[in-house]
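Because the structure is predicted, anything quoted here is derived from the model rather than measured. Numbering of residues begins at 1 and proceeds along the displayed sequence.
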Amino acid sequence: MIRSDGYDLWLSYEYPDTREAEQYAGLLRTAAVAGGSGILDSAAEELERALPRLCGKSYAGKVLRGTESVSAPDLLAAPYRLLPAAVKDCAGPGTVPKGDGFRIVSSFACGCPRILITSGTDRGVLYGTFAFLRIMQQGLPVTALSVTDSPKIGWRMLDHWDNPDGSIERGYAGKSLWKWDELPGTVDPRYADYARACASIGLNCSVLNNVNAAPGILSPAYLEKIRALAGVFRRYGITVFLSVNFASPVLLGKLPTADPLDDRVRQWWKNKADEIYRYIPDFGGFLVKADSEGQAGPYAYGRTHADGANMLAEALAPHGGIVVWRAFVYGQGETDRAKKAYADFRPLDGKFADTVAVQVKNGPIDFQPREPVHPLFGAMERTTLFMELQATQEYLGQEKHIVYLAPMWKEILDFDVNGGTGKRLTVGDIVSSGGAKDGRFSGIAAVANTGSDRTWCGSLLHPANWYAFGRLAWDYTLGSEEIAREWITCTWGRDPDVARQLLFILMHSWDACVDYMTPLGLHHIMKYAHHYGPDPACDEGTREDWKPRYYHRADSKGLGFDRSRTGSGAVDQYRRPVADMFDNMKTCPEKYVLWFHHVPWSHVMKSGRTLKDELAFRYERGVREAEQLEEAWKKLSGKVPDGISREAYESVAEKLAGQTENAREWRAVCVPYFMKFAEEKHNDSAADHED
C-alpha cells in the first residue's frame, strides 16, 4: 500500500510487476521526444522516471530526445514505440486540439506499434504525457488508444496565501514552500517537484503570495527572487502571478495617493509593470484584494472597483498580463453580508476592461462547510468571472480533519443557475466561458493547501484535494468519485481492499463534516479568529458579522437567517425560478433551509421530524459518520509496512481519532445550545396553554 512517506504524491509510479507491466515493457521499448524546449525536456524526464517503474523488471528501454533538426518523417520512420511530439505531421488521422489540448493515439507504422502524443503546444505535450502515464498507472490497455482532451478552463490557478516571513495565512501544513531568505542564490529542488505535481494535473499558474499583500513583494530584491522561481516553474508550463497591495504607490512608491484616476498613480503602476516584465517576461498578472478586511482599495478615493481594476489592467496590457480582482467584500452599510458582493459588483457589469476578471468565491459568505452558489454567477453576463475555491480547510477542521472537497465543489459547479427552465446553464459552464458573452478568457483558482510538511498538505490524505482541484479545473464535468478513484490508484496502487476503504473515507467525509458542524444550512458558528471548533454563542470581534449569532439567529421562535423576500431579500439576487425556489420554505432544499429561512422549531422536515429533532439527529449522525471514517482507516493497518510509512499511517489515524472527538465536541456544544432556544418555545407554548 504505502511505499513512501507521501512526498511523491500521486507520481511515485511504484507498482509491483503485473501482467500489464509486462505488456507495457514489450510495447514501450523506446520513447522519443521531439524538440528541445524546457517543457519538452520535462516531458522526456517524466518518461525516464516513470517507464522503468511502470513497465516492471523486464523493461530495458530508453528515452531518446530529438532536436529541432529532427523532422517529423524521421521520427515516424524510427523504431520508436512512444512518441510525444509537438509536430502536427506526427498526429496521424484527426486534428490536433487547439491550445494546450492533446491527442494520444495508438497506431501502427513501419512494422511496429507506436503511441503518438501530440499537441499544438509544448505544454500540451507535457499534459498529454502525464495523461498517458496516468492511464498506465491505472493498468489500462494502451494498444487501442484514441484520446483527445483539452482543458475546459483557461487559467487554472493555485493561490498561495504565503507571506514573506515564511508563514501561511490559513495554512496548516507547515511553513511556506518559498524560502525567500535563500532565494535567488539557493533554489530548493522542491520548487521543481511542486511545479511538476501541478503540471501533472493540468494546473498552469501559481499566485505566489498572500492576497493580504505586503507591498515589498514588488521591490527589486523580491523580483530577483521571483525570477528564480519563475525559471523553475517555466519548465513545467507554470506561469507566475503576484498578489499586489492596492496602496503600493503610497507604501512603496512614496506617492501621496493611490487614487486610480490620478495620473501619477497610473504612471507608477505602468513603470512597475515594465519593471516586472524585465525580470519575468512571461509574468501572468496581478491578483487583488481591495476594500476588504482592511485592505486598501479605490473606495477611499470615491472610485469603483472597475476604476481600480482597469487602472491596473492598463499598466499590464502592453505585456499581455491580466488582472484578477476579487469580489470578496462585505460591510459598509449592507445589513446582510451575503448580499454585499452582488450589491457592489452587479452594477459594474460591462464596465471592466477586457483583461480584467472578477474572481468570485463559490458561495456568498466565506468558504463555509456548505454554502449555496454565489449569486454573481449568472448575474454578470458582460464581465469575465473566475471562480475561487479553497483547498486549505480553513473552516472544515483544518489539517486536523480529513475532508475530501470535490463533492462540495461539484455541488456548485453542477448547479443550474436557470433552475431547470430553458437552456441548462451550470456554474461550471459560466466559469468555462469566463462568464462573458464573448468568452475572452476563463479561470478558476483554489487557495492552496500546500506547505513545507513532508506530505505537502499535512497528511497522506490531504493531497487528494490538491489533486481533485487540478482535475476539476481541467474538466469540471468529471465526477468527484471518478477523481477519487483515480487519485487512490495513482497514489496507493490497485489493491481493491485499500481502494474500497479509502473511497469510503473520501466520499463520506464531506457529508460527515457538514452534519457534525453546520447541518441544514447553518454557517459561520465556529470559534473566533482561528476558525476551528464550535462556538455558536461566541460574542468576540468588533463586527457583528463576525459573530455566530449574526448568522444563526436562534431564538424561541426558531433558527436560521431569513433571507427570503420578507427578510433580507437575498433570494432575489438569483435568477428566477431559483429565487422562487429559495424563497419558499417548502421548496427550498433542506440543505440550505437555515441559510435562507428562520425556521420554526416545530416545522416538520421531510423526515417527519421537527426542526428541533432533525437538528439533533444530524449532529448525532455526523458523529457516527466520523466514527465510521476512523474505523475504515483502521482496516488498512495490516497493509502498511514498517518504517516511515508506518509513521505516516499513524499520523492519519491520529487525525481521524481527533476528528471523531471534535465531532463529538460540536454535538456536545451545539445541540444543548440550540435546544435551549427550542425549550423556551416549548415553555412559552405550555404557559400559553395553561393561561
Side chains of [X] and [Y]: do they bring a donor and an acceptor to under 3.5 Å?
{"X": "Asp162", "Y": "Ser176", "result": "yes"}
{"X": "Asp429", "Y": "Thr426", "result": "yes"}
{"X": "Asp188", "Y": "Trp178", "result": "no"}
{"X": "Gln659", "Y": "Tyr516", "result": "yes"}
{"X": "Asn212", "Y": "Lys289", "result": "yes"}
{"X": "Gln398", "Y": "Glu394", "result": "no"}
{"X": "Asn465", "Y": "Asn449", "result": "no"}
{"X": "Tyr467", "Y": "Glu486", "result": "yes"}
{"X": "Thr660", "Y": "Glu630", "result": "yes"}

Report yes if the side chains of [X] and [Y] come closer than 4.5 Å at any heavy-atom pair, otherwise no.
{"X": "His374", "Y": "Asn362", "value": "no"}
{"X": "Lys639", "Y": "Asp495", "value": "yes"}
{"X": "Asp282", "Y": "Thr239", "value": "no"}
{"X": "Leu461", "Y": "Leu502", "value": "yes"}
{"X": "Arg370", "Y": "Glu411", "value": "yes"}
{"X": "Leu636", "Y": "Val498", "value": "yes"}
{"X": "His508", "Y": "Gln628", "value": "no"}

With rounding to the nearest 0.5 Å, note down the distance linking [atom1] in [X] to [atom2] in [Y].
{"X": "Asn209", "Y": "Ile217", "atom1": "CG", "atom2": "CD1", "answer": "4.5 Å"}
{"X": "Asp193", "Y": "Leu9", "atom1": "CG", "atom2": "CG", "answer": "9.0 Å"}
{"X": "Leu376", "Y": "Leu385", "atom1": "CG", "atom2": "CG", "answer": "7.0 Å"}
{"X": "Lys410", "Y": "Tyr476", "atom1": "NZ", "atom2": "OH", "answer": "9.0 Å"}
{"X": "Arg196", "Y": "Asp8", "atom1": "CZ", "atom2": "CG", "answer": "7.0 Å"}
{"X": "Ser243", "Y": "Arg326", "atom1": "OG", "atom2": "CZ", "answer": "8.0 Å"}

Ring centers of [X], [Y] separated by less than 6.0 Å:
{"X": "Phe233", "Y": "Tyr194", "value": "yes"}
{"X": "Phe130", "Y": "Tyr236", "value": "no"}
{"X": "Trp155", "Y": "Phe386", "value": "no"}
{"X": "Trp466", "Y": "Trp487", "value": "no"}
{"X": "Phe241", "Y": "His160", "value": "no"}
{"X": "Trp633", "Y": "Tyr649", "value": "yes"}

Establish, for the pair [X] and [Y], whether the NZ or CZ atom is under 6.0 angstrom from the six-membered ring centre and no further than 45 degrees off its axis.
{"X": "Arg454", "Y": "Tyr7", "result": "yes"}
{"X": "Lys361", "Y": "Phe367", "result": "yes"}
{"X": "Arg190", "Y": "Trp456", "result": "yes"}

Have a look at Leu389 and tell me which of Leu472, Ile444, Asp159 forms a side chain to side chain contact (heavy atoms under 4.5 Å, CB included) with it. Ile444
Less than 4.0 angstrom from a charged side-chain N to a carboxylate O is my criterion; do Glu481 and Arg485 meet it? yes
Test: Glu45 and Arg235 ion pair at under 4.0 Å: yes
Could you go step by step and tell me if Trp474 and Tyr127 meet the ring pair (Phe, Tyr, Trp, His ring centres under 6.0 Å) rule? CA-CA 10 Å; Trp474 180 274; Tyr127 297 148; 5.2 Å; yes
From the list His530, His401, His531, ring pair (Phe, Tyr, Trp, His ring centres under 6.0 Å) partner of Tyr395 resolves to His531
